[in-house]
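Data block below; observations after.
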Protein chains: 2
Amino acid sequence: MLSSRFLMGRHREDLSEIELTALEQAADSVTTYGAREELVHHGTEINHSMLLVEGFVCRYMDGLEGDRQLVALHVPGDFVDLHGFPLRRLDHDIASLIEVKVANYPHPVLSKLIIDHPNLGRMLWFSTLLDAAMHREWIFRLGRLGASGRVAHFFAEIGRRLQMVGLSDGCNFPLPLHQSDLAEACGITAVHANRVLRELRERNIVTFKGGHVNVTDIRALHSIAEFDDGYLYPSAH
Amino acid sequence: MLSSRFLMGRHREDLSEIELTALEQAADSVTTYGAREELVHHGTEINHSMLLVEGFVCRYMDGLEGDRQLVALHVPGDFVDLHGFPLRRLDHDIASLIEVKVANYPHPVLSKLIIDHPNLGRMLWFSTLLDAAMHREWIFRLGRLGASGRVAHFFAEIGRRLQMVGLSDGCNFPLPLHQSDLAEACGITAVHANRVLRELRERNIVTFKGGHVNVTDIRALHSIAEFDDGYLYPSAH
DNA sequence: CGTATGATTGAAGGGTCTCAAAATAGGTGG
DNA sequence: CCACCTATTTTGAGACCCTTCAATCATACG
């Protein structure tokens with residue numbers, strides 16, 4: 001099922017069988033993209049939105065001197081550009097990190113879906129606000145944490161999110177990024193990201209190698225990241 | 001009219017007279033808060049959302065050591081916690097900066113409003129995504145710009161937003177913040193914010209004194225801020 | 001086996017922070 | 001209207017974190 005991970009661990013249970021079926025059937029096609037492909041270019045009008053079924057996708061903005069800032073990272077079950085439905089065009093770019101599979105939801109179909117199923121409409125809205133909540137936490141991370149806190153927080157968040165969709169235990173998970181990507185997510189240089197990773201490794205907190213994260217001391221990780229998963233709005237609390 | 005500034009300059013023209021009237025009548029009361037009052041505490045379940053009619057409001061998150069990070073600043077015409085409608089509880093705090101007037105929209109009324117007026121519903125959704133777009137730009141600002149760029153960008157954004165709701169020409173506007181608040185918005189210390197303000201003043205770019213911003217060289221301001229207003233989704237482009 | 005890409009390390013410089021003090025502004029009571 | 005008190009702004013000096021630039025090492029791939 002294409003949408004089986006949508007809102008998994010995030011109040012998916014608030015959706016009825018009828019609504020889940022309607023959502024599943026609203027996808028008109030599935031597309032596969034290769035690694036490091038641009039899925040959406042900023043400014044372009046879009047007429048469909050994509051649900052990530054498999055793989056990892058990131059959103060980013062470019063500065064004047066070729067410097068790049070990641071503003072979001074998406075895991076399976078996330079809509080990557082549902083905000084493009086009300087916004088019509090995006091203010092940033094979207095690209096795949098590895099080979100990905102996405103389900104396409106035409107905007108006219110979404111319009112009808114929302115009118116026919118108001119509660120589903122509100123949950124779609126809710127899912128875009130989860131992105132906003134993560135944006136806020138990223139603002140906090142960049143504004144208040146040092147380099148190691150930022151990296152630790154990033155790992156903690158992705159681990160928890162993968163756990164919510166059943167793809168990790170929260171400590172062991174794939175993360176197909178280069179160190180330079182991690183740096184672009186954390187607002188630091190690639191060189192310093194490397195030094196931070198060494199520090200975290202030597203303190204036996206977390207290792208990141210070959211696109212795979214292994215958390216060995218999650219208490220310490222959460223502590224230096226000042227991490228609390230409340231902003232992810234998990235179902236249980 | 002309470003909602004006369006809602007989406008002003010941001011495709012408000014996509015709303016019909018009927019929809020505008022319905023929105024205006026959905027407010028069940030108006031509340032006045034004093035300066036520096038907490039309007040919403042994170043974690044609390046909320047059952048209404050507030051449209052800012054007059055004054056300035058900020059949203060923020062607190063770190064472990066009493067350090068605070070602003071994640072949003074609101075001007076008249078903004079819903080300050082419409083995201084609380086789908087989210088039910090907030091992940092951050094909201095407080096007034098000066099005396100403010102807000103219009104209250106009970107969530108049950110919003111539910112009905114959206115079912116009766118799907119297009120209005122989509123514009124309400126749209127307005128929460130504008131916040132998300134600003135969040136992303138703040139991430140970029142914190143991740144990629146130095147201290148003076150961050151401060152310049154903050155001034156540029158608020159000026160442009162006040163201009164869109166008819167409260168400024170973009171160069172001259174009230175901004176009731178202390179330098180320490182500005183610092184908390186830009187992820188720097190209050191001491192350094194002071195030095196940055198001196199630098200911007202001495203370069204004849206912008207002055208900030210007594211809660212008032214005066215931009216003297218908007219080209220230079222936008223340049224060092226790498227500012228482009230596209231992410232604010234203005235009506236005209 | 002050679003080449004390209006990414007990871008790792010070193011050294012030096014710069015931007016921002018911390019700590020501390022002084023100056024200014026705003027508000028209050030005499 | 002002045003004197004006082006408090007909050008805020010301003011300035012200085014030193015330390016630290018991170019960046020920059022450069023080189024070396026490891027790894028994957030043709």
Side-chain angles (χ1 to χ4, degrees), chain A residues 34-36 58 63-70 97-99 141-155 174-203 206-214 224-225, chain B residues 34-36 63-69 97-99 141-155 174-203 206-214 224-225:
Chain A
R36 304 272 164 177
C58 70
L64 290 180
E65 290 127 25
D67 50 330
R68 174 166 296 185
Q69 175 65 44
L70 293 204
L97 290 165
I98 51 174
E99 181 173 303
R141 178 162 87 208
L142 293 173
R144 293 297 140 194
L145 302 182
S148 26
R150 295 183 198 177
V151 171
H153 190 287
F154 184 73
F155 286 154
L175 186 61
L177 299 176
H178 299 157
Q179 290 187 2
S180 54
D181 301 318
L182 181 67
E184 287 170 355
C186 295
I188 57 179
T189 60
V191 169
H192 199 58
N194 180 275
R195 292 190 226 272
V196 167
L197 287 172
R198 179 177 55 181
E199 180 217 332
L200 293 174
R201 191 191 324 125
E202 288 172 350
R203 289 172 65 187
V206 59
T207 60
F208 176 58
K209 195 164 180 60
H212 198 92
V213 174
N214 198 322
I224 60 176
Chain B
R36 304 272 163 177
L64 290 179
E65 292 126 25
D67 49 331
R68 174 166 295 186
Q69 175 65 44
L97 289 165
I98 51 174
E99 182 173 303
R141 179 162 87 209
L142 293 172
R144 293 296 141 197
L145 301 183
S148 24
R150 295 184 198 177
V151 171
H153 190 287
F154 184 72
F155 286 155
L175 186 61
L177 300 175
H178 298 157
Q179 291 187 2
S180 54
D181 301 319
L182 182 66
E184 288 169 355
C186 296
I188 58 179
T189 60
V191 170
H192 199 59
N194 180 274
R195 292 191 228 271
V196 167
L197 287 173
R198 178 178 53 180
E199 180 216 333
L200 293 174
R201 191 190 324 123
E202 289 173 349
R203 287 172 66 188
V206 59
T207 60
F208 176 57
K209 193 161 183 62
H212 197 92
V213 175
N214 197 322
I224 61 177

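Keep in mind the model is a prediction, meaning the values are calculated, not measured. To find a chain, count down the sequence lines: A is the first, B the second, and so on, and within it residues start at 1.
- Taking 4.5 Å as the limit, some side-chain heavy atom of B:Leu142 sits within range of a side-chain heavy atom of B:Gln69.
- As a whole-Å value, the separation of B:Glu202 CD from D:dT10 P is 11 Å.
- Nearest approach of A:Ser148 to A:Val196, heavy atoms of both residues: CA-CG1, 3.6 Å.
- Per the geometry, NE2 belonging to B:His212 stands 16 Å off P belonging to D:dT9, to the nearest Å.
- Heavy atoms of B:Ile188 sit under 4.0 angstrom from primed sugar atoms or phosphate atoms, though from no base atom.
- Picking from C:dA7, C:dT16, D:dT20 the nucleotide with the shortest atom distance to the side chain of A:Asn194 gives C:dA7.
- For the OP1/OP2 pair of D:dT19 and a distance below 4.0 Å, the side-chain nitrogens and oxygens of A:Thr189 include at least one atom meeting the criterion.
- Between A:Val191 and B:Leu177, the one whose closest nucleotide on DNA chain D sits nearer the 5' end is B:Leu177.
- Scanning atom types as modelled, one donor and one acceptor separated by under 3.5 angstrom connect the side chain of A:Arg195 and the base of C:dG10.
- In this structure, of D:dT9, C:dT8, C:dC17, it is C:dC17 that holds the atom nearest to the side chain of B:His192.
- Rounded to whole angstrom, the span from the CG atom of A:Leu200 across to the P atom of C:dT8 amounts to 13 Å.
- Side chains of B:His192 and B:Gln179 form no contact here, defined as non-hydrogen atoms less than 4.5 Å apart.
- Nearest to the side chain of A:Arg201, among C:dA20, C:dC17, C:dT8, sits C:dT8.
- Side-chain proximity of B:Lys209 to C:dA7, D:dT10, D:dT20: nearest is D:dT10.
- Side-chain contact between A:Phe208 and A:Leu200 is absent, with no heavy atoms from C-beta onward closer than 4.5 Å.
- In this structure, B:Gln179 places its CD atom 8 Å from C1' of D:dT10, rounding to the nearest Å.
- Rounding to whole angstrom units, CD of residue B:Glu199 and C1' of D:dT10 are separated by 16 Å.
- Remark: C1' of D:dT20 and CG of A:Asp67 are 14 Å apart, rounded to the nearest angstrom.
- Between the CZ atom of A:Phe208 and the P atom of C:dT8 there is a distance of 10 Å, given to the nearest Å.
- When all heavy atoms of A:Arg150 and A:Leu145 are compared, the pair lying nearest together is NE-O, 2.9 Å.
- B:Gly146 comes within contact range of the sugar-phosphate backbone alone, with a heavy-atom separation under 4.0 Å but no base atom that close.
- In this structure, B:Leu197 atom CG and D:dT11 atom C1' are separated by 14 Å, rounded to whole Å.
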